[in-house]
> 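Handing you this structure, nothing more for now.
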Amino acid sequence: MKDLGLLFNYLKQPRRIVLLTHVRPDGDAVGSALALKSYFEIKGHIADVIVPDDFPDFLNWMFQSDKAFNHQKNPKTCFAVLARAEVIFFLDFNALKRIENLGEDVKKLNRPYVSVMIDHHREPDYFTDYMLWNDKASSTAELVYDFIHMAGDADLINTEMAACIYAGMALDTGIFQFSNTTSRVHEIAAHLMQKGINIEQIHNNVYNQYGENRMRFVGFLLAEKMVVVAEHRAAYMSITMAEAEKYKLNNGDKEGIVNLPLAMRDVDMAVLFTEDRDKIKISFRSKGDVNVEFLARNFFNGGGHRNASGGSSKLSLEDTVKRFVEVLPEFTQQQNN
Ligand code: 5GP
Ligand code: MN
């Protein structure tokens with residue numbers, strides 16, 4: 001692994017930089033990429049963001065969010081942008097498989113480029129020249145802040161960049177309430193506030209953007225579909241494609257739903273199964289020591305963090321749920337050992 005000092009040196013000349021996020025990019029991924037895009041542009045580089053697929057509409061307020069290239073929608077343009085990159089940043093993920101087809105494009109590149117991972121997920125693959133990786137960091141946005149600091153450019157953080165970094169940290173910490181909320185997170189948030197961000201506006205932009213359909217859907221899900229497994233202090237829900245269609249859900253509408261059962265005193269683990277065209281997407285959340293990363297990694301081809309992980313299954317929705325219910329006792333037992 002090379003020393004980041006060498007990278008800062010390489011970036012003394014204007015470069016063509018491409019910033020990539022994971023699939024179904026969230027606020028941390030998109031905020032990190034757009035903050036870095038602004039930063040690199042201020043430094044005189046050309047910086048393009050490529051996302052593998054759509055990000056939720058509630059991130060559209062982020063500065064230059066309309067400039068991000070969407071690989072699913074414009075694969076050819078994205079490959080052309082990628083092919084001329086001198087530096088590629090991999091943001092908020094740590095294994096090429098996390099960007100699916102876009103990862104295949106990266107593997108096809110036949111000219112040399114400098115690669116940099118900035119990430120906070122457990123168990124990284126070591127596939128880049130440089131890494132700013134720390135699984136104790138709250139978010140990739142926090143590490144982006146550190147990166148700009150290390151480059152000696154904290155003064156260049158403007159209001160737009162500060163808002164992107166703040167939103168990334170806020171979203172990944174559940175608005176400063178999860179166990180990844182360190183004193184450093186609050187220090188950085190304070191510094192970002194000094195850059196003139198409007199916190200109320202950011203929170204309204206991110207959280208208070210639902211349509212009536214989404215609220216009705218959550219009511220339906222909690223009333224009709226949530227299953228509580230009291231014995232294992234777990235609760236799970238599933239969303240079929242037909243239900244998503246009936247309630248006209250867009251991808252942002254599913255955000256945050258997985259967390260809801262954790263508001264119950266007697267539940268320490270919440271799971272959401274979402275039926276997709278070719279697979280079942282699974283989200284895991286937990287409180288305290290319950291390590292859902294272990295569950296996601298060992299049983300559902302996924303990973304993430306101790307208290308927030310994701311995975312997928314090629315079984316049917318019904319069989320995926322069945323498998324979860326089957327492995328639950330084994331998982332609880334392992335947790336207790
Ligand atoms: P979410 O449930 O919000 O999709 O994801 C929760 C966390 O787990 C995020 O930090 C996300 O990056 C990670 N994650 C989600 N899906 C996967 C997956 O399929 N594989 C891995 N390794 N991590 C995932
Ligand atoms: Mn993140």
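Whatever order the structure lists them in is the order used to number ligands and atoms, beginning at 1.
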> So, does S309 sit close enough to ligand 1 that a heavy atom of it is under 4.0 Å from the ligand?
yes

> Compare R24, K254, K281 and give the one whose heavy atom is closest to atom 4 (O) of ligand 1.
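Ranked by closest heavy atom to atom 4 (O) of ligand 1, first place is K281.
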
> Going by the angle between their ring planes, with limits at 30° and 60°, are F299 and F294 parallel, tilted or perpendicular?
perpendicular

> Considering heavy atoms of the protein only, find what lies nearest to atom 23 (N) of ligand 1 and give residue, atom and distance to 0.1 Å.
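Going by distance alone, atom 23 (N) of ligand 1 is nearest to G303 O, 3.0 Å.
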
> So among I148, D153, L11, which one has a side-chain contact (heavy atoms from CB on, under 4.5 Å) with K43?
D153

> Decide, yes or no, whether a salt bridge links D276 with K279 under the criterion of side-chain N to carboxylate O below 4.0 Å.
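K279 and D276: not salt-bridged.
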
> Backbone, side chain, both or neither: what part of R98 comes under 4.0 angstrom of ligand 1, heavy atoms only?
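Looking at R98 and ligand 1, just side chain atoms fall under 4.0 Å.
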
> Could you tell me whether G310 and ligand 1 have an N or O pair separated by under 3.5 Å?
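Yes, G310 has an N/O under 3.5 Å of an N/O on ligand 1.
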
> Check each atom of ligand 1 against the heavy atoms of S283 and keep those under 4.0 Å away; list them by number with element.
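So the answer, numbered in order with elements, is 1 (P), 2 (O), 4 (O).
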
> For atom 12 (O) of ligand 1, tell me which residue out of H121, R285, E100 has the closest non-hydrogen atom.
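The nearest heavy atom belongs to H121.
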
> With the Mn ion (ligand 2) at the apex, how many degrees lie between OD2 of D28 and OD2 of D172, rounded to 10 degrees?
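Nearest ten degrees: 80°.
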
> Decide yes or no for F324 and F273: does some side-chain heavy atom of the first lie under 4.5 Å from some side-chain heavy atom of the second?
yes

> How are the rings of H22 and F93 set to each other: parallel, tilted or perpendicular (split at 30° and 60°)?
perpendicular

> List ligand 1 atoms under 4.0 Å from H305, heavy atoms only on the residue side.
10 (O)

> Has H120 got an N, O or S atom lying less than 2.8 Å from the Mn ion (ligand 2)?
yes

> Can you tell me the N, O or S atom of D92 that's nearest the Mn ion (ligand 2)?
OD1

> Before you tell me yes or no, could you show the steps for Y145 and H191 under side-chain hydrogen bond (donor to acceptor under 3.5 Å, both in side chains), namely the whole-Å CA-CA distance, both residues' side-chain angles and the distance that decides it to 0.1 Å?
CA-CA 10 Å; Y145 178 90; H191 183 224; 2.4 Å; yes

> Are the aromatic ring centres of Y210 and F58 under 6.0 angstrom apart?
no

> Applying ring-ring contact (aromatic ring centres under 6.0 Å, His included) to F90 and Y130, what does each step give before you reach the verdict?
CA-CA 10 Å; F90 300 86; Y130 297 93; over 10 Å; no

> For atom 7 (C) of ligand 1, what's the nearest protein heavy-atom neighbour? Residue, atom name and distance, please.
A308 O, 3.5 Å

